[in-house]
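Okay, so here's the structure we're looking at.
Note: hydrogens, waters and symmetry copies are ignored here, and every other heavy atom, side chains too, is used. All chains are named by letter (A, B, ...) in the order of the sequence lines, taking the proteins before the strands, and each is independently numbered beginning at 1.
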Amino acid sequence: MRNILEPDDRKLIEKVKKGDKVAFSQLVRRYEQTVAGVVIGMLGRCSEADDVGQEVFIRFYRALNDFRGEAGVATYLTRIAINLSLNELKRRQRRNYLFVKNNDNENPEIKDEENRQDAYDTKQAVHQALQQLNPEFRSVVVLRMLQGYSTKETAKILKLPMGTVLSRLSRAQEKLKILLKHIIE
Amino acid sequence: MLELLRRSYDATLSPGEKERLDKALEADIELQQEKKHLDKLRGLLEDERYAFDDHFADRVMERIATDEKNPSENPFLYAFKRIALPGLVAAVILFLFTVFSSGTISLDSILGVDAVQPEYVSEFLLFNY
């Protein structure tokens, strides 16, 4: 397998393997935004997002001795981040099963007054719309549209066929268009 | 054509598909409008940037340090300690008890059937079932 690590990353990883913690904190600083993009994109801005983000790096740290650099660090972290986020969403769903109603059939346009106020802030509105997608659609949007992975890379990270990714992207866009109608039209 | 337009953002269209889409875009005002909306939507999503609260790296390093001070137990080792180890201790006690009480270490004596003859079992089964 080809080693596709950035030279800087390779040096830092070698240092970490020799016990250099400062080198690991440099790696965390370098990639925390990548992980935040995935985790906050998937879970929203909440305390669990920070915990899951930390867990991503802890798993990376523990797996460093087996990490051979067949994927870049960003892709490797993204893979851990998306899996942990999906696990967290499942846990959340189980926890809230009895208390949260399924709103799949409701008109998804952002309507209530509080949300309308927030929608003045475009970024907030986009974030809210993203959180209203089902996790399976959200994950493809986060990887493809927010993180900028190609469709092929997205399929590989999520272990899905390309056709499934394309159809989920198409359906997600359709829903986002409705949710963000007041901004994009 | 709408589906083709959406797909054009995420997949490589064949030359034929591309030509069909280009022609439709030239002629169809609704499709042009749709493309404009999709461009805007994707632009908004690309601009989304998220960050953890300040000092995230410090929190990660703190957790690593804590984990190293109090390493969490391997789940298999935990299961072994909680289930297999007491079972092993019980088996050893039973074995020693059998050895001291009957003076033998046969399986029959461990199972407590050393005084039962095979004929008794077959007779019992024959007359009762």
Q: Flag yes if A:F57 and A:L12 sit in one hydrophobic cluster, no otherwise; membership is Ile, Leu, Val, Met, Phe, Trp, Tyr, and two members link when side-chain heavy atoms are under 4.5 Å apart.
A: yes

Q.
Quick check on the interface: out of B:R59, B:K36, B:E3, B:Q33, who has the most heavy-atom pairs with chain A under 4.5 Å?
A. B:R59

Q: Using non-hydrogen atoms and a 4.5 Å limit, figure out which bit of B:A51 sits close to chain A: side chain, backbone, both or neither.
A: backbone

Q. What residue, out of B:R49, B:E48, B:R7, has the most heavy-atom pairs lying under 4.5 Å from chain A?
A. B:E48

Q) Would a 4.5 Å heavy-atom cut-off, applied to side chains only, mark A:Q54 and B:F56 as touching? A) yes

Q) Of the options A:V126, A:L180, A:I183, which is the one that meets B:L41 in a side-chain contact (heavy atoms from CB on, under 4.5 Å)? A) A:L180

(Q) Counting neighbours of CZ on B:R63 that are heavy atoms of other residues, nucleotides or ligands and sit closer than 6.0 Å, is the number greater than 12? (A) yes

**Q.** Over 12 non-hydrogen atoms of neighbours within 6.0 angstrom of NZ in A:K90
**A.** no

Q. Looking at A:Q147, A:Q26, A:E32, which one has more heavy-atom pairs under 4.5 Å with chain B than the rest?
A. A:E32

Q | Side chain proximity check, A:L169 to B:Y9, heavy atoms < 4.5 angstrom | A | no

Q. So, the side chain of A:S25 versus the backbone of B:A57: is there a donor-acceptor pair under 3.5 Å, distance only?
A. no

Q. Measuring from B:L44:CG to A:L176:CG, what's the distance to the nearest 0.5 Å?
A. 10.0 Å

Q: Using a strict cut-off of less than 4.0 Å between a Lys/Arg side-chain nitrogen and an Asp/Glu carboxylate oxygen, indicate whether B:D58 and A:R29 qualify as a salt bridge.
A: yes

Q. Do B:E68 and A:K21 meet the salt-bridge criterion of a basic N to acidic O distance under 4.0 Å?
A. yes

Q | Reported CD-to-CZ distance for the pair B:E46 and A:R144, which is rounded to 0.5 angstrom | A | 8.0 Å

Q | Contact origin within A:L146 toward chain B - heavy atom pairs under 4.5 Å | A | both

Q) Going hydrophobic residue to hydrophobic residue with side-chain gaps under 4.5 angstrom, can you get from B:L88 over to B:F97? A) no

(Q) Please tell me whether B:L4 and A:M162 are part of a single hydrophobic cluster in this structure, the criterion being side-chain heavy atoms less than 4.5 Å apart. (A) no

(Q) Less than 4.5 Å to any heavy atom of chain B: does that hold for the side chain of A:L27, its backbone, both, or neither? (A) neither

Q: With rounding to the nearest 0.5 Å, note down the distance linking CZ in A:R45 to OH in B:Y50.
A: 5.5 Å

Q.
With a 4.5 Å cut-off on side-chain heavy atoms, are A:K177 and B:E34 touching?
A. yes

(Q) In this structure, would B:V92 and B:F95 fall into the same cluster of hydrophobic residues linked by side-chain contacts under 4.5 Å? (A) yes

Q: Name the region of B:L2, side chain, backbone, both or neither, that has any atom closer than 4.5 Å to a heavy atom of chain A.
A: neither

Q. Is B:D47 salt-bridged to A:K123, cutoff N-O under 4.0 Å?
A. no

Q.
A:Q173 vs B:R42, test: side-chain hydrogen bond (donor to acceptor under 3.5 Å, both in side chains). Steps then yes/no.
A. CA-CA 9 Å; A:Q173 276 183 110; B:R42 296 183 78 106; 3.0 Å; yes

(Q) Do A:M145 and A:L166 land in one hydrophobic cluster if side-chain heavy atoms of ILVMFWY residues count as linked below 4.5 Å? (A) no

Q) Which bit of A:V141 is near chain B, if near means a heavy-atom gap under 4.5 Å: side chain, backbone, both or neither? A) side chain

Q: Please state whether the side chain, the backbone, both or neither of A:E55 comes within less than 4.5 Å of a heavy atom of chain B.
A: both

Q. So how far is it from A:S167 OG to B:D10 CG, rounded to the nearest 0.5 Å?
A. 11.0 Å

Q. Can you find a heavy atom in the side chain of A:Y61 that is under 4.5 Å from one in the side chain of B:V60?
A. no

Q. Quick one: does B:M61's side chain get under 4.5 Å of A:V22's, heavy atoms only?
A. no

